[in-house]
2 protein chains.
Amino acid sequence: MAESKYLVVVQFLRELIQKEEVKVGEYLPSENDLCSRFSVTRTTVRRAMDQLMKEGFIEKQHGRGSRVRERRKSLGLLTVKGFSEAVGSNVQTEILQKPVLIQSKPPFTFLKGDTIESEFCIYFERLRKVNDIPVMIEKNWVPGVSLSGLIDSEFVDGSFFKTLSRDFQIEIIGSEHILRAESANSKIAALLNLQNGSPVLHISVKFSTSNPDIHIFSELYCNTTQFPVGNSYYMNQ
Amino acid sequence: MAESKYLVVVQFLRELIQKEEVKVGEYLPSENDLCSRFSVTRTTVRRAMDQLMKEGFIEKQHGRGSRVRERRKSLGLLTVKGFSEAVGSNVQTEILQKPVLIQSKPPFTFLKGDTIESEFCIYFERLRKVNDIPVMIEKNWVPGVSLSGLIDSEFVDGSFFKTLSRDFQIEIIGSEHILRAESANSKIAALLNLQNGSPVLHISVKFSTSNPDIHIFSELYCNTTQFPVGNSYYMNQ
DNA sequence: TAGTGGTCTAGACCACGGT
DNA sequence: CCGTGGTCTAGACCACTAG
């Protein structure tokens, strides 16, 4: 089959949301509306809605409608608790290295014969602060050149994932992490304003995306004393 | 409505799996079989199957059937990488405190007006080792007395979650975590065979279960030098 | 009361896996 | 070929929300 009908509806709604034609908190077209718009049955429309719910885009309200949700925070472990609450007002991002093409691979893989073919990576590095207190160093590798449009670019609202979603229609669908408590070396300690040897949380992340050929690798170093890392995981919805 | 029909089917299949009447790798009754068995349509049966897939119990194979899957590891962050690979052979669990009823509450909650009414908790404490090297201290609180059958009991295969599932039909459906890198205090350091002040990973966990009134709280202290904590999160299935 | 989402029926046709 | 799961139609009735 070409493409499932329900996926057409998913695509339509995803774009509505990404392009903010329906903003956070606003209601999507009703299920019956979508039925007639796409000449499909409610079963099919509901399937599309379920998909979007799983992806965290929407929430349903019995008797009222389906509303665009605040985009899922802390997919995997990328939300430093406090970042989300501060919602930008007290958050600063310092670019330590703008996206560049480098001839090397990510410094780690995740077991299972994870081999990376491309000799090239897009690389960038950022320092995240809250109230001007540095809380996280973030190093990112994107193997291959498929996203070379990122090079030297600025991100939408300073968000890498938002940029991926809006400009490249790439969604993060999952991630794997390895976490360690470590003593900060001198470089890390300096950037995070810590004493040498202070405990920092080191997280290695591999993100999977809606494009099976594109993965993203990150190394995070977090000062968790004032802003611990938060994560949540729910199986349904 | 009393209980949805699809939930009846979910319950039926869940018990089949939990009581190992269908073992890991074996096939469940076909969808059409279940239709006639419960006098429902395939839509309803498929909905039940989808639910079980989301919960990680089964995998579907087009043209063949639906098979019982190895139970999901590392829900949330509870799998110390290496524990799962070792699959019991090199893993030891030392009971520091058998389940007892104590008159106190968990030492933390998770923001949002999380209030715990009951003045009582079931509490237990364990030390996890790999190759006789201590890697994790685990303190657990279960508020209320609904699971008083746990008191002084031993766990199925040494697994708390397996015991909850098999003996109480309670499934873990989600969890929230707060993670910090900390310096080990003397008590923690002694138990983990570390020097005072070594970095340890401190994780506070709140588990949600299929019973909305039952939550489980845990405090974990991990030595991540040899056995980092692993986690993975995939949105679909 | 009208409109929304939640559950369900009774079919249909297709794609895939094994015989 | 048959049985399996994957997609879809065209309805029905119910429960919830709001004017």
Side-chain angles (χ1 to χ4, degrees), chain A residues 1-14 16-17 22-69 210 212 234-237, chain B residues 1-14 16-17 22-69 173 210 212 235-237:
Chain A
M1 192 186 295
E3 187 178 34
S4 303
K5 292 190 180 182
Y6 83 93
L7 284 178
V8 174
V9 182
V10 167
Q11 189 59 23
F12 170 79
L13 293 172
R14 238 208 295 258
L16 273 190
I17 298 170
V22 182
K23 298 197 174 62
V24 170
E26 293 177 351
Y27 287 87
L28 291 172
S30 78
E31 297 182 354
N32 283 317
D33 184 343
L34 292 167
C35 288
S36 47
R37 205 184 291 210
F38 287 94
S39 302
V40 295
T41 54
R42 246 186 90 209
T43 312
T44 305
V45 165
R46 283 182 63 76
R47 186 165 180 190
M49 306 286 261
D50 283 348
Q51 175 78 20
L52 289 168
M53 215 171 67
K54 267 203 294 190
E55 294 179 8
F57 281 95
I58 64 170
E59 62 187 338
K60 297 182 175 182
Q61 295 176 335
H62 194 172
R64 293 220 272 178
S66 295
R67 216 166 53 160
V68 177
R69 237 180 59 160
S210 46
Y234 284 92
M235 286 174 145
N236 302 328
Q237 167 205 352
Chain B
M1 193 187 292
E3 187 179 34
S4 303
K5 292 191 179 182
Y6 83 93
L7 284 177
V8 174
V9 182
V10 166
Q11 189 58 23
F12 171 77
L13 293 172
R14 238 208 296 257
L16 273 190
I17 297 169
V22 182
K23 298 196 174 64
V24 170
E26 293 178 352
Y27 288 87
L28 291 173
S30 78
E31 296 181 354
N32 283 316
D33 184 343
L34 292 166
C35 289
S36 49
R37 207 185 289 212
F38 288 93
S39 304
V40 295
T41 54
R42 247 185 91 209
T43 311
T44 305
V45 166
R46 283 181 62 75
R47 185 164 182 193
M49 305 288 258
D50 283 349
Q51 174 79 19
L52 289 169
M53 216 170 67
K54 269 202 293 189
E55 293 179 9
F57 281 95
I58 65 171
E59 63 188 337
K60 296 181 174 182
Q61 296 175 334
H62 195 173
R64 293 221 272 179
S66 296
R67 216 165 53 161
V68 176
R69 238 180 59 161
I173 60 170
S210 46
M235 285 177 146
N236 301 328
Q237 165 201 353

Enquirer: Rounded to whole Å, please give me the gap between CZ in B:Arg67 and P in C:dG17.
Expert: 13 Å
Enquirer: B:Leu28 has an atom CG; how far is it from atom C1' of D:dT4, in whole Å?
Expert: 13 Å
Enquirer: Side-chain contact test, heavy atoms from C-beta onward, threshold under 4.5 Å: evaluate it for B:Leu16 versus B:Val68 and give yes or no.
Expert: no
Enquirer: Between C1' on C:dT9 and CZ on A:Arg46, what's the gap in Å once rounded to a whole number?
Expert: 15 Å
Enquirer: Would a distance-only check, ignoring hydrogens and angles, find a side-chain to backbone donor-acceptor pair under 3.5 Å from A:Ser30 to A:Asp33?
Expert: yes
Enquirer: Nearest whole Å is fine: how far is C:dG5 P from A:Lys60 NZ?
Expert: 8 Å
Enquirer: Looking only at N and O atoms, is any donor in the side chain of A:Arg47 or the base of D:dG6 less than 3.5 Å from an acceptor on the other one?
Expert: no
Enquirer: What is the separation between atom CG on A:Leu34 and atom C1' on C:dT4, rounded to the nearest whole Å?
Expert: 12 Å
Enquirer: If you only use heavy atoms from C-beta on, which nucleotide in C:dT9, C:dA15, C:dT7 is closest to the side chain of B:His62?
Expert: C:dA15
Enquirer: Partner lookup for D:dG19, please. Criteria are Watson-Crick or G-U wobble with both distances under 3.5 angstrom; report none if nothing qualifies.
Expert: none
Enquirer: Over how many whole Å does the gap from A:Arg64 atom CZ to D:dA15 atom C1' extend?
Expert: 15 Å
Enquirer: Identify the two heavy atoms, one from B:Leu34 and one from B:Val40, that lie closest to each other, and give their separation to 0.1 Å.
Expert: O-CG2, 4.5 Å
Enquirer: B:Gln61 CD to D:dG3 C1': how many Å, rounded?
Expert: 15 Å
Enquirer: Can you find a heavy atom in the side chain of A:Leu52 that is under 4.5 Å from one in the side chain of A:Arg14?
Expert: yes
Enquirer: Categorize B:Ser30 for me: base, sugar-phosphate, or nothing, with a 4.0 angstrom heavy-atom threshold over every strand shown.
Expert: sugar-phosphate
Enquirer: Check the distance between C:dT9's C1' and B:Asn32's CG and give it to me in whole angstrom.
Expert: 15 Å
Enquirer: Quick check: on DNA chain D, is the nucleotide nearest A:Thr44 upstream (toward 5') of the one nearest B:Arg42, or the reverse? Name the residue that is more 5'.
Expert: B:Arg42
